[in-house]
Structures are given as C-alpha cells and as structure tokens.
Amino acid sequence: MALPLPLRQHFDYLLDASQPAQVGCRVRVPFGNRTLIGIVWQIAPDDSFAADKLKPVQALLDTTPVLPELLCRLLSFAAEYYHHPLGEVLISALPLLLREGRNLSDYQPKAYQLTAAGRALDASALKRARKQSELWQALLQHRISESLLGQQYSRTSLKQLMDKGLAEEVVVPASPYTAPATPASGLKLTAAQALAVTAIHQAFGRFERLLLEGVTGSGKTEVYLQSIASLLCQQQQVLVIVPEIGLTPQTLARFQARFDVPVLCWHSGLSDSERLHCYLQAQSGAAAIIVGTRSALFLPFWRLGLIIIDEEHDQSLKQQDGFRYHARDLAIKRAALQHCPIVLGSATPSLESLHNALNKRYIHLPLPDRAAGQALPGFELVNLKQQVLQYGLASQTLAQVRQQLAAGHQVMLFLNRRGFAPALCCDECGWLTECQRCSAFTTYHKQSRQLVCHHCGASKAIPRQCANCGSTKLTPLGQGTEQLEENLQQLFPATAITRLDRDSTRRKGALNTLLEDIHQHGARLIVGTQMLAKGHHFPNVTLVVIVDVDGALYSSDFRAPEQLAQLLTQVAGRAGRGDKAGKVLLQTHYPEHALLQDIIQNGYASFARSALMEREQTRLPPYQHLSLFSAQAHQAALCQQWLTQLAEQARQFPALQLLGPIPAPLERRAGLYRWQLQLYSANRTAMHQALSTLLDTISQWPLSRKIKWQLDVDPTDL
Ligand code: ADP
Ligand code: ZN
Ligand code: ZN
C-alpha cells in the first residue's frame, strides 16, 4: 500500500480473497492508533507465513481504481523524478472527498429499477396503493433517474417499493458527450495560424511536443480553438492548462461560445463536491474540454486527445511547496503516456522550452505578427533621473496619460507592489517597520489599517510611535498600488479608476466584477500588479505605463532577467489590441541598462535567444540540470551545519558541481533561517542517482530531524 505519509517506503497489509482489489483502488487501513486512506500499489501472492504478521485491511473502498493505470504510471514517475514520497504524491492527485475515503457512488448519478421480485410482481398486489402502483408501472417500462424522480413521482412511494424489496438503486455513470457532426467554424486564419493548426492536426494520435511562440495578440487562442474542433468530432477530450489567474470566466466563455459540448473548469475556487463532479465528468467522458489550473493534469480522462498549456512560461505552473512538481513537465510526460500531442503556447516562452524548440526536439510554430494586423506596441523609456516626479510619475508620463484619456481611451498603470507603501519610515531617525519573523519590511495597507508582511502573512496594527526613538512622525515610504490609485484619483478626480491586485480581488467574484467593469469601459484608468499581465484582452487600452522596474533589475536569481523580460512583454502586450495603436512607457532610473535596451529594441524573441547563449556559457539551466536542497531552522548555524554535511557527501559525486551552502535571498522567513545548497550536473541520470543516495544518507542523520529540509528538483525560484 502507498500511504499518505512523508516516508519513502511502502507498507504491507492483508487483503482477504473476497476483496477483489486492483492497483489504484483505495483502502482504509489501521496505522498505529490511527486509520489512514491508502492506495493499493502492489498485490503480492498469498503467503501464509507473512500473513500471520500482517494487519488486515479494514475496508476496500473501490471496485474500480480511482487512479487508473496510466495515472499510476504518471504519478510513480513523478514521485521518482521529484524524489517525493509516493503515498503523498498519489493522494495529492485525488480530489479531497476521495482522499477522505468518501464513497464514489454517493456522488454519481443514480437511478432506480425493479428488482427480480419487482418484475415478477402481480399487478393486483399494489391495487390498494395507487401511487406505488403508478411508479411500479413506470419502472416496468424503464429505469427512472434520480432527477426525474423528484419531479414526477413521490419519493415516499419509491421508499415503500424499496422497503418491500421490489425496487433498487443503481449507479449510472454519466455517458460520454455527444460528438458534433461537423467541426465548429472559426475566424479565417492568418497564414501563420493556418500552418500551426495543420501541424497540430498532423500530430494527432501520437506523442509530439509543439511550441506555439506567438506574440501577444497573435491569435494563439484561435489556434487552440481550431485545433480542438476536429478532435471533438471524434469524441476526444481536451485538457487546457492555464495559469492560476488566467482562468477567468472570459477564458472559459471563449471555449463555451465556440463549441456545443460540455466545457468544465477546474481551479482552487471550486468546492470539494464541484471538484469531484469534474473528476467524474472527465473520467466518464461527459466533459469534452476541461480548462484548469496545474492540478487538472492529474484528472482521469476517458479519451484524452490533446493537452494545451497556455502561458507555458508562467511561474504558477510550478508547485512551490509540498510535492514540488512542474505542471508543464509532468503534462509532457502525461502526453507521452497517452500517446497524444501537447501544445505549449506563449508570447514569452520559457528558455527551457525555447531551447528544446530551437534544438528541434519540439516542433516550433511561430506566430510573429498580431492576428488582426495591429502593430506591436512601441516601448518608450522615460528617464527618471533628475526629474521632479509627481506621485512617482514623470511629467511626460502624465501628459501622455492625459492625452489618451481625453481621446476616450483606457490607460493601464502597472506597479508590481500591492498595498499602500512598502514600509513606514520614522521621519526623525529613519527607522523602518520590519517583520519580526522575516528579513523583510512590512507593507503599509492603508485601507485595512494594517502592516502586513508579504512573506509570512503576519499582520499587525499600525504603531503610533517609532520603536526606536518614540517619535510619532511615521510616514509611508515608497509607493504601492493602493497609493498609486489614491494619487491618481487626486490628479484625475473625474476619471473612474479600477485597481487589480490580490487585495482588491480577494472576495469571491470580485476579479470578474472588476474585469467586467474594464471591458464595459467603466474604468478608464486601470492600476494593477502582475495580475494585469495575464492574457487579458482589453481592446480599448492604448497606453501602458510601467511605473517602476528598477527593483527587478538587480536580483541574485539567474532567472530574474528572463522573468522581467516576460513580465514587461506580457504587460506591454495589453496595449493596442483593438483597432487603435498602443504604446508602452517604461519609467526607470537606469535607461541605459542592457536588459531594458535589449527588450525594447529587439523584443522578447531576440532577448530570449541571447539569454540562452549566456546560459550556455555560464552552464546554467537548461544547459545543466539543477536541484536545490534547502534547510530551515530557528538557528542559522543548524542550517549551515546540515548543508555543510550534505555538501561533503555531495562532493563524492564527480558529476555534481556545488554552489553553497549560502543563505536564501530572503534569509529569514516566519521566524526560520533559510539556507540552501545548489547542485548542478550536465548528466540527468547521474544527478538522480546522486540524489537518491544523498536522500538515503540524510534520513540517517539525527540532525535531519531537528531542522526542516526540502529538495526541489528543477527549481524555478532560488
Ligand atoms: P493571443 O491568445 O495570442 O494573445 P487572441 O487569440 O486573444 O491572441 O487573439 C487576439 C485578438 O485577435 C482577438 O480579438 C481575436 O479575436 C483576434 N484574432 C485572432 N485570430 C484572428 C484572425 N485569424 N483574424 C482576425 N482576428 C483574429
Ligand atoms: Zn524614530
Ligand atoms: Zn514576515
């Protein structure tokens, strides 16, 4: 059995012969003084000697596996690749209700039919019970579904028939969706789109990886839609994985509007029973298309014909805690197991995927132009040096904002810092509000009247006095979106402003109300964080202002330039998507910075290719494989000691190069010190062998129990 425990081992239990268990079924088993839900993983032949020592399974919960064979293979690969305990991996792939051991049939549609006794009954037997007799007559003709029952027949009569043993309940799994007779028609494709759709069609029925590298507004979604159309006629299913925040009703609506088949969504906002419903619809084939966030990758499908990963560069595809998998990479594995193609789409592909496309491991499908012929927005640098700024905005920025508003257009202002100000500062002594538990300042949130740490989430009331000198003169330092909104409102009192960030969209449904407002042109100025960057199509936005990028220019993470280039390109891509041309103003103190110059002069495609060359020279991913061990403890010395010990062991593997132990960029979080050791290798197999050996060694160290430690394979965040 695989049990949901952080242990790298399996456990044996006794199944009696009357329990027809299969691999992938759930069982309830005793474990210590608890009971756990586990997954049958291997079935060993009868061995009466061992049987004496084994505890019996308490209950077998499924007659057919909740994890079909293909998913078992995918998850076992994942557990091995990410060196994560199998039991936790298997369990994390199941909807919560199944993890809790709920009975699957309780959630499946039900129907009622007559038992043998019921069918043999003489009509006269029920003549004194008119309602029961009517129901019995109807059941003689056909089964009656749960939903019909309440409308047409009385539940009491049914219960009476069941009590007499005349009727019974049966589970009727949903049936596969009805395939449309002809493919749904779409827009007339551009030449580049047509080539892409043809290439995808040619890949149907076999494993193939395709990278759709299409600039913002190039019509990637139209390519997805037209690729899907013919698959649906063959009654195949499609899985579309989108970033966390990209899954708006607008996205879903585009799929629903095009096809007359069931389109379901899957994301963290669903209730547990909604998730189970989605799981069952995917499994039975009742759902034709599922649009979901990363964990949709673990849904069972009846007949999966294509996987699409939209915004494949997006960081939310990587799970950052617990079982740290990359949804893109596991989706590729899944496509290989399913023998179906996978399309990775992005305007700003990850360097990993681009590398594979340039190497011809993936089929490369470029869409270099916008679909409706609009020009890509031009960048203009606004030098902030020696400028008098008004609320962080240069005078020429303000002039252009005014001009666009006067013309009736919408303007977007991007600032990747939520809250009112990144810190409160004492006017007398310069003291700054700091988080007690992290090496970070606390953000001032004016509306909620709190200081919030954006790293550990801790919040507290705003202090009256400086903790250092007692002065009461505390002023906000720097600017966040909340303040930018307030300031803009002063500058443009008659203009409606909308703010899009994690604070303004916390309430359920709030994001959609705000997006609707933008689409209806209710909001003229749109202020927001990177939430603005993700795939939205706002045709009336003609100007995008990037208020401040300077913080992101100098970071220790080797991926920082790639991420900044992606962010800038994606944000810029919101401009000029309608029939009016767009423009991007980039405010900076470093207009001569090489990265900014490269992006604005040559665009992302060119930046990415030169960044790849740099990675090759510096032997960084994708040219070498990277794994990251991190240690956390209340004392930094413990982290250091543990990682030093680990580094000594790791040095015995000639295939590994080490960097560290070094403190993590945020050295202390939620009261714990954080240190790391980076392992690089050109040889993936050698890396994984080394990791296995190291993990065995670690498990034997007493120190490993005194600290918190993790291994992250292919980390995206250092
Ligand atoms: P992307 O996903 O690449 O950002 P979208 O699929 O959202 O691009 O398309 C951007 C806009 O271009 C949409 O309004 C879409 O309707 C339009 N569009 C896409 N393909 C075509 C086409 N072949 N002809 C005309 N307009 C198109
Ligand atoms: Zn002070
Ligand atoms: Zn904190």
Side-chain angles (χ1 to χ4, degrees), residues 185-197 212-227 240 242-243 246 248 250-251 253-255 257-258 308-312 343 345-349 365-374 376-377 423-443 450-460 463-475 477 519 533-541 569-579 582 666-672 674:
S185 56
L187 298 170
K188 187 174 178 316
L189 295 178
T190 64
Q193 281 176 318
L195 279 176
V197 171
L212 182 63
E213 184 185 18
V215 299
T216 55
S218 58
K220 293 183 289 295
T221 313
E222 189 61 32
V223 169
Y224 304 150
L225 292 168
Q226 298 206 20
S227 307
V240 185
V242 297
T248 60
Q250 282 83 1
T251 317
R254 280 182 85 173
F255 287 85
R258 179 68 57 93
I308 294 168
I309 312 265
D310 191 28
E311 312 289 357
E312 69 85 34
V343 177
S346 177
T348 54
L365 307 170
L367 304 178
D369 303 304
R370 284 188 158 178
Q374 312 95 326
L376 279 168
L424 279 181
C425 174
C426 170
D427 275 354
E428 309 277 340
C429 74
W431 172 81
L432 291 166
T433 50
E434 260 180 317
C435 177
Q436 304 295 308
R437 309 162 67 216
C438 303
S439 35
F441 299 114
T442 48
T443 303
Q450 279 180 322
L451 288 175
V452 182
C453 172
H454 287 182
H455 297 283
C456 71
S459 65
K460 58 179 182 193
R464 279 175 216 284
Q465 291 182 316
C466 167
N468 186 39
C469 74
S471 158
T472 52
K473 284 196 203 130
L474 296 178
T475 43
L477 186 80
H519 280 289
K534 312 264 165 110
H536 304 295
H537 184 64
F538 303 130
N540 199 40
V541 170
T569 311
Q570 294 284 353
V571 175
R574 301 314 110 205
R577 293 171 67 99
D579 46 15
L666 184 71
E667 196 186 346
R668 197 162 150 260
R669 186 161 101 192
L672 294 176
R674 308 153 77 230

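For ligands, and for the atoms within them, numbers begin at 1 and follow the listed sequence. For this chain, numbers begin at 1 and follow the sequence in order.
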Quick note on ligand 1: atoms under 4.0 Å from a heavy atom of L187 include exactly 16 (O), 18 (N), 19 (C), 20 (N), 21 (C), 22 (C), 26 (N), 27 (C)

If you measure every N or O of T216 against every N or O of ligand 1, does any of those distances drop under 3.5 Å? no

Note to self: Between R370 and R577, does the side-chain contact (heavy atoms from CB on, under 4.5 Å) criterion hold? Intermediate values first, please.
What the structure shows: CA-CA 9 Å; R370 284 188 158 178; R577 293 171 67 99; 3.8 Å; yes

One finds that the ligand 1 atoms under 4.0 Å from a non-hydrogen atom of T190 are 23 (N)

Shell check on the Zn ion (ligand 3): protein N, O or S atoms less than 2.8 Å away are C435 SG, C438 SG, C453 SG, C456 SG

Residue set satisfying side-chain contact (heavy atoms from CB on, under 4.5 Å) with E428, at least two apart, ordered chain then number -> C426, C469, S471, K473

Between C426 atom SG and C429 atom SG, the angle centred on the Zn ion (ligand 2) rounds (to 10°) to 110°

Nearest non-hydrogen contact to atom 19 (C) of ligand 1 from the set A194, P539, A371 belongs to A371

- Any chance CD of Q436 has more than 12 other-residue heavy atoms, nucleotides or ligands included, within less than 6.0 Å? no

Ranking R370, R254, R574 by closest non-hydrogen atom to atom 15 (C) of ligand 1, top hit is R254

Atom 10 (C) of ligand 1: of G373, G217, A372, the nearest heavy atom sits on G217

So for H537 against ligand 1, with non-hydrogen atoms under 4.0 Å, the contacting part is side chain

